[in-house]
2 protein chains.
Amino acid sequence: MTKPVTSAELDQRSKLHEVFALPQGRALDICLKLQKAILEHRLSPGLKLSEDEVGEIYGASRTVVRASLQALAHSGLVSMEKNRGAFVAKPSIREAHEVFQARALIEPAVARLAAAVITDRQLAQLHAHLDAEHAALHASDMGKALFLSGNFHTEIADIADHRIFAGMIRSLISRSSLIIALYWKRSDTACESHSHHALMNAFEKRDSAAAESIQKSHIIDLHSGLDLKEKPAGGTSLSEALQG
Amino acid sequence: MTKPVTSAELDQRSKLHEVFALPQGRALDICLKLQKAILEHRLSPGLKLSEDEVGEIYGASRTVVRASLQALAHSGLVSMEKNRGAFVAKPSIREAHEVFQARALIEPAVARLAAAVITDRQLAQLHAHLDAEHAALHASDMGKALFLSGNFHTEIADIADHRIFAGMIRSLISRSSLIIALYWKRSDTACESHSHHALMNAFEKRDSAAAESIQKSHIIDLHSGLDLKEKPAGGTSLSEALQG
DNA sequence: TGAATAAAAATTGTATACGATCTCTGATTG
DNA sequence: CAATCAGAGATCGTATACAATTTTTATTCA
């Protein structure tokens with residue numbers, strides 16, 4: 001009894017295929033499944049992704065698994081070390097800063113574009129998305145909520161209909177998910193919803209300037225919700241260095 | 001009698017490895033060689049890159065060639081079609097616009113960052129780079145001149161020391177090279193040098209604002225140097241459609 | 001006991017083989 | 001003569017096998 005593929009999943013699949021130069025055929029499926037698992041925090045940063053093991057799970061040979069892992073490495077979700085294999089990426093504090101700096105530059109510009117061209121249909125879709133996010137949050141399914149929260153941003157990029165920016169944002173959102181898994185310090189995860197709703201308001205009014213400004217604040221707010229202070233060099237540095 | 005690897009090449013290699021998640025081992029070499037060939041316009045957009053052929057040339061098996069081509073596909077230099085193979089990418093007019101819109105947003109911000117932290121040593125390096133560019137231009141080696149001209153931009157990203165932006169810019173510059181190959185309309189290719197020298201001036205004064213503004217103008221100027229008008233639907237559309 | 005070493009196991013890197021798909025050529029037919 | 005179709009050849013997608021490297025384990029010696 002296989003779960004039928006939903007239209008939303010098909011949609012995402014075709015979009016991803018357009019935007020990224022993802023592998024084709026079976027490798028794409030594995031890619032998406034691994035990606036989803038990582039983005040929902042079912043696979044923790046640093047976890048080893050053995051080729052044999054992944055192949056076993058998805059019933060594929062190492063050849064296609066390798067292609068998938070390579071693709072994920074390019075989008076920043078996986079890091080590959082020569083002769084050692086693939087691991088769920090573990091962004092450094094520095095990379096975390098860089099990712100949110102990049103998002104703070106790009107996403108507001110894209111939100112501005114999106115506000116100028118959004119259709120009623122797309123507005124409704126975004127609304128439905130927020131509802132789903134709310135439902136997941138209410139069901140305490142944090143993994144799914146986070147996944148959907150990220151998707152909200154990529155959907156805006158798709159609405160702006162700018163493939164280059166959309167590809168960049170997709171990669172940045174993916175990395176952000178890992179960064180949040182590692183460095184999130186706030187307890188009120190629900191705070192996102194507020195910003196997202198404010199953004200919806202701006203979209204409904206087709207107010208480009210407001211959308212840009214709200215999105216910028218939102219990203220900066222997310223950035224400030226991370227605990228990105230370098231640990232003091234004394235305490236953990238030795239043990240860290242030895243087990244690293 | 002093998003040509004020794006220059007320090008500049010080694011440098012680029014290690015940098016690329018950091019920034020992109022490039023394949024490792026032999027695949028990396030093939031990647032860089034193909035990339036260089038494409039960026040110097042020795043391989044034209046649309047050209048087929050047969051796996052067997054490439055493997056023959058570089059003395060590698062299809063396995064590593066495939067990994068290389070996949071990597072290049074991820075950076076936008078190569079497009080892969082299922083069951084048909086890999087081709088040197090042929091950016092559409094739309095993609096050309098998008099690439100330069102992205103550059104116009106990102107590169108000025110990065111130039112600003114770079115101006116704030118550039119060292120004297122790096123200034124000297126950039127000067128040397130401009131000299132090499134000038135020399136290539138004087139020797140009518142357009143391929144090399146264009147390659148170097150692109151590298152100037154990635155070097156600025158490296159100076160800004162922002163890996164995420166640097167990776168984005170590298171990809172954008174690569175695509176730009178293809179776009180220029182397809183759509184450049186100006187005869188005075190040397191115009192770039194002027195902007196680059198102006199930028200150097202700003203860097204020497206550590207004038208962030210000027211660097212940002214000059215870079216923005218430079219990108220917009222490049223964008224306007226392209227012939228990106230859609231061809232009228234009547235004339236060439238049929239023949240184009242048939243031979244496409 | 002603990003460190004150093006060497007052999008064994010596991011994992012990745014690469015080559016090759018085979019099946020699937022596409023492309024091209026040439027014959028056939030209206 | 002043009003268009004269609006069939007088959008051969010070429011090319012890609014995937015699985016598997018072997019080589020190279022790393023990791024683990026067992027052993028030895030101080």
Side-chain angles (χ1 to χ4, degrees), chain A residues 13-14 16-17 20-34 43 46-74 77-90 238-239 241-244, chain B residues 13-14 16-17 20-34 43-44 46-74 77-90 238-244:
Chain A
R13 186 182 160 123
S14 64
L16 271 172
H17 183 276
F20 276 118
L22 278 174
Q24 287 145 346
R26 217 133 25 112
L28 182 57
D29 287 319
I30 296 175
C31 236
L32 293 176
K33 278 174 185 156
L34 279 175
L43 301 174
L47 185 74
K48 166 125 206 224
L49 299 170
S50 151
E51 295 178 358
D52 278 324
E53 206 172 336
V54 175
E56 187 80 22
I57 290 166
Y58 295 119
S61 79
R62 281 180 53 216
T63 308
V64 301
V65 173
R66 270 178 85 80
S68 303
L69 291 174
Q70 231 189 286
L72 289 173
H74 281 291
L77 273 178
V78 158
S79 73
M80 302 188 75
E81 295 173 35
K82 172 157 168 143
N83 283 319
R84 288 190 19 90
F87 305 82
V88 178
K90 211 170 168 178
L238 184 70
S239 56
L242 292 180
Q243 76 184 265
Chain B
R13 185 181 162 123
S14 63
L16 272 172
H17 184 276
F20 276 119
L22 278 174
Q24 289 145 346
R26 218 136 21 116
L28 181 58
D29 287 319
I30 296 175
C31 235
L32 293 176
K33 277 174 185 155
L34 279 175
L43 300 174
S44 308
L47 184 74
K48 167 122 205 227
L49 298 170
S50 153
E51 296 178 356
D52 279 325
E53 205 172 337
V54 174
E56 188 80 22
I57 290 166
Y58 294 120
S61 80
R62 281 180 56 218
T63 309
V64 304
V65 172
R66 268 179 85 79
S68 302
L69 292 174
Q70 246 189 274
L72 289 172
H74 282 291
L77 274 178
V78 159
S79 74
M80 301 189 75
E81 295 174 36
K82 172 155 169 143
N83 282 321
R84 291 194 11 94
F87 304 82
V88 178
K90 211 170 168 177
L238 184 70
S239 57
E240 284 257 345
L242 292 179
Q243 76 183 267

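Chain letters run A, B, ... following the sequence lines, proteins first, then strands; residues in each count from 1.
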| said: Main chain of B:Arg84, side chain of B:Lys48: is a donor-acceptor contact present, judged purely on distance under 3.5 Å? | reply: yes

| remark: At a 4.0 Å cut-off to heavy atoms of chain A, the contacted part of DNA chain C spans C:dT11 to C:dT14

| task | Estimate the overall bend of the helix from C:dT1-D:dA30 to C:dG30-D:dC1 from the end axes over five pairs each, rounded to 10 degrees. | result | 10°

| note | CG of A:Leu72 to CG of A:Leu32, rounded to nearest 0.5 Å, is 8.5 Å

| said: Please report the interatomic distance CD(B:Gln70) to NE2(A:His74), rounded to the nearest 0.5 Å. | reply: 7.0 Å

| Nearest heavy-atom pair of B:Ala86 and B:Met80: which atoms, and what distance? | CB-CG, 4.2 Å

| Proximity to DNA chain D (any heavy atom under 4.0 Å), residues of residues 52-68 of chain B only | B:Arg62, B:Arg66

What pairs of donor and acceptor atoms, side-chain ones from residues 60-69 of chain B against any protein atom, are under 3.5 angstrom apart with sequence neighbours left out?
| unit_1 | atom_1 | unit_2 | atom_2 | d |
| --- | --- | --- | --- | --- |
| B:Ser61 | OG | B:Thr63 | N | 3.3 |
| B:Arg62 | NE | B:Glu51 | OE1 | 2.9 |
| B:Arg62 | NH2 | B:Glu51 | OE1 | 3.0 |
| B:Arg66 | NH1 | B:Glu51 | OE2 | 2.7 |
| B:Ser68 | OG | B:Ala27 | O | 2.9 |
| B:Ser68 | OG | B:Val64 | O | 3.1 |

| said: Going 5' to 3' along DNA chain D, which are the first and last nucleotides with any atom under 4.0 Å from a heavy atom of chain B? | reply: D:dT11 to D:dT14

| field | Nearest-nucleotide 5' precedence on DNA chain D, A:Asn83 against A:Ala27 | value | A:Ala27

| field | Qualifying residues under side chain to side chain contact (heavy atoms under 4.5 Å, CB included), relative to A:Leu47, sequence neighbours excluded | value | A:Leu43, A:Val88

